[in-house]
Amino acid sequence: MSGSFIYRHVWCYRLVMNVLYRGRYRARFEAVTALLREQDRSVLELCFGDGALAARCRASGRSWIGLDVSGPFVAKARAQGFDARQADLARVTELPPCDVCVMMGSLYHFHRRLPELFTCVKAASSRFLLSEPVRNWTHGNRVQRYLARKATRAGRAEETFRFDEASLTAALEELSRSIGFGYRVVGVARDMVEEVGWSK
(Lines give C-alpha, C1' and ligand atoms only; values in the text may rest on other atoms or scores of the structure.)
Protein backbone atom coordinates (compact mmCIF):
# COMPACT_ATOMS: atom_id res chain seq x y z
CA MET A 1 0.00 0.00 0.00
CA SER A 2 1.39 3.38 -0.96
CA GLY A 3 1.44 6.29 1.46
CA SER A 4 3.11 9.63 2.00
CA PHE A 5 6.89 9.96 2.11
CA ILE A 6 7.05 9.75 5.91
CA TYR A 7 5.43 6.31 5.92
CA ARG A 8 8.19 4.99 3.67
CA HIS A 9 11.17 6.33 5.66
CA VAL A 10 11.55 5.91 9.43
CA TRP A 11 14.01 8.83 9.73
CA CYS A 12 11.52 11.15 8.03
CA TYR A 13 8.68 9.89 10.22
CA ARG A 14 10.67 10.66 13.38
CA LEU A 15 11.59 14.12 12.09
CA VAL A 16 8.00 15.02 11.28
CA MET A 17 6.73 13.65 14.60
CA ASN A 18 9.29 15.71 16.51
CA VAL A 19 8.18 18.81 14.62
CA LEU A 20 4.49 18.11 15.28
CA TYR A 21 5.21 17.45 18.98
CA ARG A 22 7.58 20.42 19.23
CA GLY A 23 10.43 18.30 20.50
CA ARG A 24 8.28 16.38 22.99
CA TYR A 25 7.69 13.32 20.83
CA ARG A 26 9.36 11.01 23.38
CA ALA A 27 7.05 12.25 26.13
CA ARG A 28 4.05 10.56 24.50
CA PHE A 29 5.73 7.18 25.00
CA GLU A 30 6.51 7.97 28.62
CA ALA A 31 2.80 8.63 29.24
CA VAL A 32 1.87 5.23 27.80
CA THR A 33 4.67 3.15 29.32
CA ALA A 34 3.75 4.60 32.72
CA LEU A 35 0.42 2.74 32.35
CA LEU A 36 2.04 -0.65 31.82
CA ARG A 37 1.62 -2.91 34.83
CA GLU A 38 4.09 -5.44 36.17
CA GLN A 39 1.86 -8.26 34.92
CA ASP A 40 1.78 -6.80 31.39
CA ARG A 41 4.46 -9.08 29.98
CA SER A 42 3.21 -9.20 26.38
CA VAL A 43 2.42 -6.02 24.43
CA LEU A 44 0.66 -5.80 21.07
CA GLU A 45 1.12 -2.47 19.33
CA LEU A 46 -1.13 -1.51 16.45
CA CYS A 47 0.31 0.89 13.83
CA PHE A 48 3.69 0.87 15.59
CA GLY A 49 5.44 3.47 13.43
CA ASP A 50 9.13 3.90 14.19
CA GLY A 51 9.29 1.18 16.86
CA ALA A 52 10.00 3.49 19.80
CA LEU A 53 7.66 1.56 22.10
CA ALA A 54 9.19 -1.74 21.00
CA ALA A 55 12.58 -0.59 22.26
CA ARG A 56 11.08 0.37 25.60
CA CYS A 57 9.39 -3.01 25.92
CA ARG A 58 12.65 -4.80 25.18
CA ALA A 59 14.46 -2.71 27.81
CA SER A 60 11.85 -3.67 30.42
CA GLY A 61 11.90 -7.37 29.55
CA ARG A 62 8.47 -7.43 27.89
CA SER A 63 7.64 -9.24 24.68
CA TRP A 64 6.34 -7.05 21.87
CA ILE A 65 4.44 -7.73 18.66
CA GLY A 66 3.84 -4.87 16.25
CA LEU A 67 1.41 -4.61 13.35
CA ASP A 68 1.77 -1.90 10.72
CA VAL A 69 0.68 -1.40 7.13
CA SER A 70 4.05 0.10 6.14
CA GLY A 71 6.45 -2.42 4.62
CA PRO A 72 9.52 -0.24 5.30
CA PHE A 73 8.55 0.20 8.96
CA VAL A 74 8.10 -3.55 9.34
CA ALA A 75 11.41 -4.30 7.61
CA LYS A 76 13.25 -1.80 9.84
CA ALA A 77 11.77 -3.29 13.02
CA ARG A 78 12.56 -6.84 11.92
CA ALA A 79 16.14 -5.84 11.19
CA GLN A 80 16.37 -4.76 14.84
CA GLY A 81 15.14 -8.17 15.98
CA PHE A 82 11.53 -7.22 16.77
CA ASP A 83 8.45 -9.31 15.99
CA ALA A 84 6.96 -6.91 13.45
CA ARG A 85 4.24 -7.99 11.05
CA GLN A 86 2.79 -6.22 8.05
CA ALA A 87 -0.98 -5.99 8.29
CA ASP A 88 -3.75 -3.70 7.09
CA LEU A 89 -5.88 -3.27 10.20
CA ALA A 90 -8.80 -2.17 8.06
CA ARG A 91 -9.01 -5.82 6.96
CA VAL A 92 -7.84 -7.68 10.07
CA THR A 93 -10.53 -9.63 11.92
CA GLU A 94 -8.35 -11.35 14.54
CA LEU A 95 -5.40 -10.11 16.58
CA PRO A 96 -2.64 -12.01 18.42
CA PRO A 97 -3.48 -12.52 22.11
CA CYS A 98 -1.61 -10.26 24.53
CA ASP A 99 -1.72 -8.81 28.03
CA VAL A 100 -2.22 -5.26 26.78
CA CYS A 101 -2.84 -3.67 23.40
CA VAL A 102 -1.53 -0.20 22.50
CA MET A 103 -2.35 2.25 19.72
CA MET A 104 -0.69 5.65 19.52
CA GLY A 105 -1.67 8.41 17.14
CA SER A 106 -3.52 6.20 14.66
CA LEU A 107 -7.10 5.78 15.84
CA TYR A 108 -8.33 8.43 13.39
CA HIS A 109 -7.43 6.12 10.48
CA PHE A 110 -10.21 3.79 11.66
CA HIS A 111 -12.89 6.27 12.69
CA ARG A 112 -15.39 4.63 10.30
CA ARG A 113 -14.89 1.15 11.78
CA LEU A 114 -14.23 1.71 15.47
CA PRO A 115 -16.71 -1.00 16.64
CA GLU A 116 -14.91 -3.63 14.55
CA LEU A 117 -11.50 -2.51 15.79
CA PHE A 118 -12.50 -2.44 19.46
CA THR A 119 -14.21 -5.82 19.17
CA CYS A 120 -10.98 -7.33 17.79
CA VAL A 121 -8.92 -5.77 20.58
CA LYS A 122 -11.40 -6.96 23.23
CA ALA A 123 -11.02 -10.53 21.99
CA ALA A 124 -7.23 -10.34 22.16
CA SER A 125 -6.52 -8.38 25.33
CA SER A 126 -7.98 -7.26 28.64
CA ARG A 127 -6.78 -3.66 28.25
CA PHE A 128 -6.36 -1.16 25.44
CA LEU A 129 -4.08 1.86 25.91
CA LEU A 130 -4.74 4.76 23.55
CA SER A 131 -2.86 7.96 22.91
CA GLU A 132 -4.62 9.99 20.24
CA PRO A 133 -3.84 13.53 19.07
CA VAL A 134 -6.73 15.92 19.75
CA ARG A 135 -4.87 19.13 18.89
CA ASN A 136 -3.82 18.80 15.29
CA TRP A 137 -2.48 20.81 12.40
CA THR A 138 -5.61 19.73 10.56
CA HIS A 139 -7.45 22.08 12.93
CA GLY A 140 -5.12 24.95 12.01
CA ASN A 141 -4.88 27.38 9.09
CA ARG A 142 -5.14 26.41 5.42
CA VAL A 143 -1.42 25.77 4.96
CA GLN A 144 -1.20 23.63 8.10
CA ARG A 145 -4.25 21.61 7.05
CA TYR A 146 -2.78 20.99 3.60
CA LEU A 147 0.60 19.87 4.96
CA ALA A 148 -1.02 17.63 7.58
CA ARG A 149 -3.17 15.88 4.99
CA LYS A 150 -0.22 15.28 2.68
CA ALA A 151 2.30 14.24 5.33
CA THR A 152 0.10 11.84 7.28
CA ARG A 153 -1.46 9.94 4.38
CA ALA A 154 -0.89 6.32 5.43
CA GLY A 155 -2.75 4.82 2.47
CA ARG A 156 -3.60 5.81 -1.05
CA ALA A 157 -6.09 8.54 -0.23
CA GLU A 158 -5.75 11.71 1.81
CA GLU A 159 -7.47 11.64 5.18
CA THR A 160 -9.10 14.83 6.36
CA PHE A 161 -10.72 13.46 9.53
CA ARG A 162 -9.06 14.02 12.89
CA PHE A 163 -10.39 13.69 16.41
CA ASP A 164 -10.64 16.58 18.80
CA GLU A 165 -11.27 16.12 22.51
CA ALA A 166 -15.06 16.32 22.18
CA SER A 167 -15.38 13.93 19.23
CA LEU A 168 -13.02 11.37 20.75
CA THR A 169 -14.88 11.45 24.05
CA ALA A 170 -18.18 11.03 22.22
CA ALA A 171 -16.82 8.08 20.23
CA LEU A 172 -15.56 6.34 23.38
CA GLU A 173 -18.85 6.92 25.17
CA GLU A 174 -20.79 5.37 22.30
CA LEU A 175 -18.40 2.42 22.07
CA SER A 176 -18.46 1.82 25.82
CA ARG A 177 -22.24 1.45 25.64
CA SER A 178 -22.38 -0.70 22.51
CA ILE A 179 -19.43 -3.00 23.21
CA GLY A 180 -19.35 -2.85 26.98
CA PHE A 181 -16.20 -1.50 28.61
CA GLY A 182 -14.99 1.05 31.08
CA TYR A 183 -12.38 3.68 30.36
CA ARG A 184 -10.60 6.55 32.01
CA VAL A 185 -8.88 9.59 30.60
CA VAL A 186 -5.36 9.67 31.99
CA GLY A 187 -4.35 13.04 30.61
CA VAL A 188 -4.85 15.55 27.82
CA ALA A 189 -2.08 17.58 26.20
CA ARG A 190 -1.55 17.36 22.46
CA ASP A 191 -2.63 13.75 22.84
CA MET A 192 -5.54 12.47 24.85
CA VAL A 193 -4.43 9.33 26.72
CA GLU A 194 -7.02 6.74 27.70
CA GLU A 195 -7.02 3.36 29.39
CA VAL A 196 -9.80 1.07 28.20
CA GLY A 197 -10.58 -2.12 30.11
CA TRP A 198 -13.12 -4.91 30.02
CA SER A 199 -13.75 -8.15 31.84
CA LYS A 200 -12.68 -11.21 29.87
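FYI, side chains are in, hydrogens and waters are out, and symmetry mates aren't considered; it's all heavy atoms of this structure.
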How many angstroms lie between atom CG of L35 and atom CG of D40, to the nearest 0.5 angstrom?
9.5 Å
Inspect the contact between E195 and R37 and indicate whether a charged nitrogen and a carboxylate oxygen are less than 4.0 angstrom apart.
yes
Please determine whether side chain to side chain contact (heavy atoms under 4.5 Å, CB included) holds for the pair V186 and V32, giving the CA-CA distance in whole Å, both sets of side-chain angles, and the decisive distance to 0.1 Å.
CA-CA 9 Å; V186 180; V32 170; over 6 Å; no
Whether the side chain of R62 engages the backbone of R58 through a donor-acceptor N/O pair (distance < 3.5 Å, no angle test) should be reported.
no
We want to know whether R127 and S125 form a side-chain donor-acceptor pair, criterion being a heavy-atom distance below 3.5 angstrom.
no
Keeping R162 on the side-chain end and P133 on the backbone end, is there a donor-acceptor pair under 3.5 Å?
no
Taking the side chain as every heavy atom from C-beta outward, state whether D99 and V43 have any pair of such atoms under 4.5 Å apart.
no
N-O pairing of R85 and D83 below 4.0 Å:
yes
Taken to the nearest 0.5 Å, the spacing of S70 OG from D88 CG works out to 12.0 Å
Please step through side chain to side chain contact (heavy atoms under 4.5 Å, CB included) for the pair H109 and V69, ending with a clear verdict.
CA-CA 12 Å; H109 291 303; V69 72; over 6 Å; no
In short, F110 meets A90 closest at the heavy-atom pair CE2-N, 3.9 Å
Are any side-chain N or O atoms of K122 and backbone N or O atoms of I179, one a donor and one an acceptor, separated by less than 3.5 Å?
yes
Side-chain touch L95/L89, heavy atoms, less than 4.5 angstrom
yes
Taking the side chain from S63 and the backbone from R41, do they hold a donor-acceptor pair closer than 3.5 Å?
yes
Under 6.0 Å from the CZ atom of R177, do we count more than 12 heavy atoms belonging to anything else shown?
yes
Could you go step by step and tell me if F29 and M104 meet the side chain to side chain contact (heavy atoms under 4.5 Å, CB included) rule?
CA-CA 9 Å; F29 296 99; M104 303 181 66; 3.7 Å; yes
Which value, rounded to the nearest 0.5 Å, describes the distance between E45 atom CD and S106 atom OG?
8.5 Å
How are the rings of H111 and F161 set relative to one another: parallel (under 30°), tilted (30 to 60°) or perpendicular (over 60°)?
parallel
Going through the checks in order, is the side chain to side chain contact (heavy atoms under 4.5 Å, CB included) test met by V102 and L44?
CA-CA 6 Å; V102 177; L44 172 66; over 6 Å; no
May I ask you to test the V74-F82 pair for a side-chain heavy-atom distance under 4.5 Å?
no
Taking all non-hydrogen atoms of both residues, which atom of F48 and which atom of G66 are closest, and how far apart?
CD2-C, 3.4 Å
Measuring only between side-chain heavy atoms, which start at C-beta, is D68 closer than 4.5 Å to L46?
no
In terms of ring plane angle, is the pair F181 and W198 parallel, tilted or perpendicular, where the classes change at 30° and 60°?
perpendicular
Any side-chain heavy-atom pair of Q86 and F73 under 4.5 Å
no
Is there a side-chain contact between M192 and F163 in this structure, where contact means two heavy atoms from C-beta onward sitting under 4.5 Å apart?
no
I want to check something: taking the side chain as every heavy atom from C-beta on, are L172 and F118 in contact at a cut-off of under 4.5 Å?
yes
Between E132 (side chain only) and Y108 (backbone N and O only), is there a donor and an acceptor less than 3.5 Å apart?
yes
I want to check something: taking the side chain as every heavy atom from C-beta on, are T33 and L53 in contact at a cut-off of under 4.5 Å?
yes
What do you reckon, is CD of Q39 surrounded by more than 12 foreign heavy atoms closer than 6.0 Å?
yes
So does V193 get a backbone contact from the side chain of D191, meaning a donor-acceptor N/O pair under 3.5 Å?
no
Return the minimal non-hydrogen interatomic distance between A124 and P96, and the atom names on each side.
CB-O, 3.5 Å
In plain terms, say whether E194 and R184 are close enough for a salt bridge, that is, a side-chain N and a carboxylate O under 4.0 Å apart.
no
